[in-house]
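To keep things clear, I will list the structure first and then write my remarks on it.
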Amino acid sequence: MIALLKRDLALAVRAGGGFGLGLAFFLIVITLVPFGVGPDTGLLGRIAPGIVWVAALLAALLSLDRIFALDHEDGSLPLLATSPLPLEGVALIKGLAHWITTGLPLTIVAPVLGFLLNLDTAAFPWLLASLALGTPALSMIGAFGAALTVGLRRGGLLMSLLVLPLYVPTLIFGALVVARGAEGFSTHMPLLMLAGITAGVFALMPFATAAALRINLR
Amino acid sequence: MIALLKRDLALAVRAGGGFGLGLAFFLIVITLVPFGVGPDTGLLGRIAPGIVWVAALLAALLSLDRIFALDHEDGSLPLLATSPLPLEGVALIKGLAHWITTGLPLTIVAPVLGFLLNLDTAAFPWLLASLALGTPALSMIGAFGAALTVGLRRGGLLMSLLVLPLYVPTLIFGALVVARGAEGFSTHMPLLMLAGITAGVFALMPFATAAALRINLR
Amino acid sequence: MSIWEYANPKKFIATTTPILPWLTGAAIATLVVGLIWGFFFTPEAANFGASVKIFFVHVPSAMMAINAWAMMLVASLIWVIRRHHVSALAARAAAPIGMVFTLIALFTGAVWGQPTWGTWWEWDPRLTSFLILFLFYLGYIALWEAIEDPDTAADLTAVLCMVGSVFAILSRYAVKFWGQGLHQDSTIAKVGERDPLHASYYLPALICMAAFVLIFVALVLIRTQTEIRARRIRALEARMRA
Amino acid sequence: MELHVENLGVARGGVPVLDRVSFTLAAGAALVLRGPNGVGKTTLLRTLAGLQPALSGLVRYPEGAAAYASHADGIKAQLSVTENLAFWAAVHGVALPETVFATFDLEDLRDRMAGTLSAGQKRRLGLARLGVIGRKVLFLDEPTVSLDTFSVRMFARWLREDHLGAGGIAVIATHIDLGMEAPELDLTPFRADPMARGGSDEAFL
Amino acid sequence: MELHVENLGVARGGVPVLDRVSFTLAAGAALVLRGPNGVGKTTLLRTLAGLQPALSGLVRYPEGAAAYASHADGIKAQLSVTENLAFWAAVHGVALPETVFATFDLEDLRDRMAGTLSAGQKRRLGLARLGVIGRKVLFLDEPTVSLDTFSVRMFARWLREDHLGAGGIAVIATHIDLGMEAPELDLTPFRADPMARGGSDEAFL
Amino acid sequence: MIPELGKYAFAVLSSYGVSILLLVGLAWMSVQRARKLRQRLEEVEARMKRHG
Ligand code: HEM
Ligand SMILES: Nc1ncnc2c1ncn2[C@@H]1O[C@H](COP(=O)(O)OP(=O)(O)OP(=O)(O)O)[C@@H](O)[C@H]1O
Ligand SMILES: Nc1ncnc2c1ncn2[C@@H]1O[C@H](COP(=O)(O)OP(=O)(O)OP(=O)(O)O)[C@@H](O)[C@H]1O
Ligand SMILES: [Mg+2]
Ligand SMILES: [Mg+2]
């Protein structure tokens, strides 16, 4: 399993910067919003928590198809399925590798982008906390969506369609943490919910993902 | 060339709904924003023009890799390049097919989504006009980005990075048309600029796209 | 003898190597002089207070960020038209330098904005177009990194640089039209006009600009040499394996 | 160690393709599958390897002993030849045997990115994976496609001596001569009646 | 109509692979390229077809007369066999000849989605494209991979009678016997000195 | 010695600091990579000679 994680990270780095690009996309979405909405900083500050979270979600989404599609195209997936590794473990590792290459860097730079959107400085720690807690769930849910659509040629958009509704609870609580943090309210409840979602997702999703993979490999 | 357009449209329809999915993504992004930003209708109405345009842009972006990557993978691209069709024509047709499968349906449903975001009704005709005028440019610029990254496995994210800054002028003028329309100002100037950009892009981009394809096919 | 002879990689390394130490020395010297002068020996400005000292890093870096892109455009054109490898590699070498200059301009602008405009970031046209410029640099560098074959990479990045330049100008215009600015207009070029730059700032500013130009040239030369060597290593290793 | 197949029926796309296939291979035996294009060789091998369910009948061999190899061999273009093999060794929890490079004529290509290999070189890398993971029951779908005659002989030698000689079993679908004696099974007589019962569509017939 | 190749040098990944290849084929002639894996057959064919630039030397044939065919044949899985062929016919501005289905044994598969074909059937579809577009100078990279012996013979017949017989030219890289007499060219002696000048890296040596 | 910067202290000092840091960082990385590649090239050239 460590070998798989290492390989996936090596591939992400070699394939022209798997790390940098998720990040770049996040940055770009966030910079595009003011171009659309206009340069009013008060307005921007108010929508900032939601925008950052939606951008994080989209950045995660855009790289989901890397999770299984490449391995499917070159035939690695059936070979992994018949290898001694449990398919659940493969699913977990794949989700983890995705988080390390997109969720983690994105969490780290998020504060900088908070500046661009005039987010209240009080909300910065909450932004960091909510992303750190929530993005792993995005990756793992995404792995499930990727597994569902892995057989289909360019299932990218279909996958988005399947995954986005699953992202809604994470998005709501994540943005809520930041918004409450910005206004100085208690962030206890949404943070707890976020942690609960992530824990639940990591406990259950590997099984669902492995099941979907098994069906698609048939 | 007509044959190519027909084939691309047929493939878009058969490959699990090329039409429906761009649209669905557009719809989902727009519905996600209220979850992130919160249900304040006044606020939503004010950011609606920007959000609709950013969503249109992302929907276009997400399906860009279909433009050339599939033809590259199955070897059609070198065959098309050595066929009697001029590569510039191929590029143009590909951009057009992308617009018909994403930009066009998206333009048609945009008013419905305007309601969802509480957009001022005065702005609806302008929303329609700006999308109809601007989305073709998005598709053609996207075809250029797709051509640049066609050799790379899963160049999807890199392509986004290259394409998004190129989208900025279109986005600014597009959202400006709607925003000004909503406030009852003159939309003359941004509409003109939008038309100019689209015309210029369609006049020049096929050549740049064909050049990038030729280089990548070497 | 034609100037194009310097486009031969070996000739390029042979000619630039003896120049480099002098150039580097001059760059460091002017930078040290310029920054010390600017930091210690300039008066406070009436409207900016002591923050005017930021001027001496902000303006030269902003200037060079744009000039670096212009140089990349010229180098790309030379590569496309005359296919001199050194030219393509020089464009590649210049990109990270331009990006760092852009970052410096953005950062110094942001911390300057905090006390003077009361905000770190404002969606002002000039600031915004710099953000877009930063994105262009990022995309350009990423494209170079992503492509295996060096000539293919050179060709594609050249195309991107040309198309990108057109769109960068277009964005500049679009952004101007989209929001009204806080940022002041260029005054450097208006010497002798109604509201010229105060004389006590003029000389150190000039020295700092010279310093940034020298730094840019020196770094481009060093990095171009490195790229040439990398390419040579690649060529030799490929042949040894074959 | 034995591969036992009894009355196997297989389907593709919901349509029965082969029916009543039976054979038994003891340790050290190989079987070559023959038959015209489209008869169902690939389908049969995938079913044997457990990648798709059988329609009817029975397949028996020790659990976790099988490996399947087809054209797509899970080769990562961005990893070097050694890295590709080392990965599969790690996944299977075995050490990467040094001899494998010589056996499959990959010595000179060790550090080459797999994406830059020629068609035949890539095929050799794919086959080398079999030498690494050390599974006993091999299902090979046209393993020698694109290989030159020298490499075909090299592969046949490996199969005969290193694999079968060590008590392995192999079922191989191929259209070309492998240059090794093994019993052949022509699948043409086992063609299923497409109107036969069975298949996931059965309930609708 | 003539294919004239003189002192051709080709490179892959910036490294010279073959050097000083010369031959001339008159109308109606075919040439079979031989050589071990990795010698440069694919590279040579791609260069001849104009898909990559030559290092040195000269290739001459009438403009727009060439067609290249490799493993990847531009077959769209979601289109039927007929639709696939009709598309290429339209792109080349010719009508889809009805005979092509019989010639390449695709009669029964006409309305099948190309994605559901077996390996050999897909190959036949790829070759049928050549029968449709009617180009005169063919560059074929391992055209008979995955084909059964019957199909190989069928393809050889088409090549001999319909293509060469009508004044066509063909250059074919293959490792297996095509069952047709044609002069062979072993590429081994043309291996380029890797240190030779030339290649996109030349200026850096 | 350091001039009186008043409320602009952070702005001025951090812009000088970060600018110098970025410039030095870029220069250092450039020089480091130059040195490394020069060394590697020498090795490769030496190996090349041995192999002929
Ligand atoms: C992130 C924010 C900023 C960016 C990206 C930025 C960018 C630029 C650019 C591109 C120039 C033009 C250089 C040239 O003439 O070629 C410039 C000049 C200048 N900037 Fe900024 N700027 C920023 C923030 C600020 C702030 C906050 C101030 C002061 C309150 C400021 C003051 C100046 C001044 C005084 C000049 C020189 C104008 C002249 O005399 O030519 N900038 N800046
Ligand atoms: N979705 C489908 N619907 C109907 N028939 C199908 C479908 N998919 C595959 N087939 C048919 O199933 C048969 C078995 O295919 P298979 O790939 O097993 O053949 P094969 O013996 O491996 O052929 P080859 O030698 O060409 O590789 C073929 O005739 C194929 O056309
Ligand atoms: N990027 C690269 N760098 C170095 N060598 C390469 C690169 N890409 C390909 N090669 C080598 O170029 C040679 C020619 O490859 P080519 O595909 O033309 O061989 P081939 O004769 O078609 O072989 P096969 O019979 O296996 O298909 C091979 O030895 C291959 O390993
Ligand atoms: Mg088969
Ligand atoms: Mg080949």
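Residue numbers start from 1 in every chain, and the chains themselves are labelled A, B, ... in the order their sequence lines are given, proteins ahead of strands. All heavy atoms count here, side chains included; hydrogens, waters and symmetry mates do not.
If you tally non-hydrogen atom pairs under 4.5 Å between each of C/Val166, C/Thr157, C/Thr152 and chain B, the highest count goes to C/Thr152.
For B/Met159, no part lies under 4.5 angstrom from a heavy atom of chain C. At a 4.5 Å heavy-atom cutoff, C/Leu133 makes no contact with chain B through either its backbone or its side chain. Residue B/Arg214: no heavy atom, backbone or side chain, is found under 4.5 Å from chain C. For B/Leu204, no part lies under 4.5 angstrom from a heavy atom of chain C.
In the displayed structure, C/Trp69 atom CH2 is contacted under 6.0 Å by more than 12 heavy atoms of other residues, nucleotides or ligands. The neighbour count for C/Glu148 CD, taken as heavy atoms of other residues, nucleotides or ligands under 6.0 Å away, does not exceed 12. Residue-environment remark: CZ (C/Arg229) exceeds the threshold of 12 foreign heavy atoms within 6.0 Å. A 6.0 Å sphere centred on OH of C/Tyr173 holds no more than 12 heavy atoms belonging to other residues, nucleotides or ligands. Other residues, nucleotides and ligands contribute at most 12 non-hydrogen atoms within 6.0 Å of the CZ atom of B/Phe35.
Across C/Val163 and B/Ala208, no two heavy atoms sit closer than the pair CG2-CB, 4.0 Å. In terms of heavy-atom proximity, B/Ile172 sits nearest to C/Ala174 at CG2-O, 4.0 Å. The shortest non-hydrogen separation linking C/Gly164 to B/Leu166 is CA-CD2, 4.2 Å. Of all the heavy atoms in C/Ala142 and B/Leu158, the pair that sits closest is CB-CD1, 3.5 Å. For the pair B/Pro165 and C/Ile132, the tightest heavy-atom approach, listed with the atom from each and the gap, is CB-CG2, 4.4 Å.
Interface with chain C: from residues 133-148 of chain B, residues B/Ile141, B/Phe144, B/Leu148 qualify, criterion being any non-hydrogen pair under 4.5 Å.
Taking a cutoff of 4.0 Å between a charged side-chain nitrogen and a carboxylate oxygen, B/Arg218 and C/Asp155 qualify as a salt bridge.
Counting heavy atoms from C-beta outward, C/Leu160 and B/Leu162 have side chains that approach closer than 4.5 Å.
Atom CD1 of residue C/Ile141 and atom CG of residue B/Leu161 lie 10.0 Å apart, to the nearest 0.5 angstrom.
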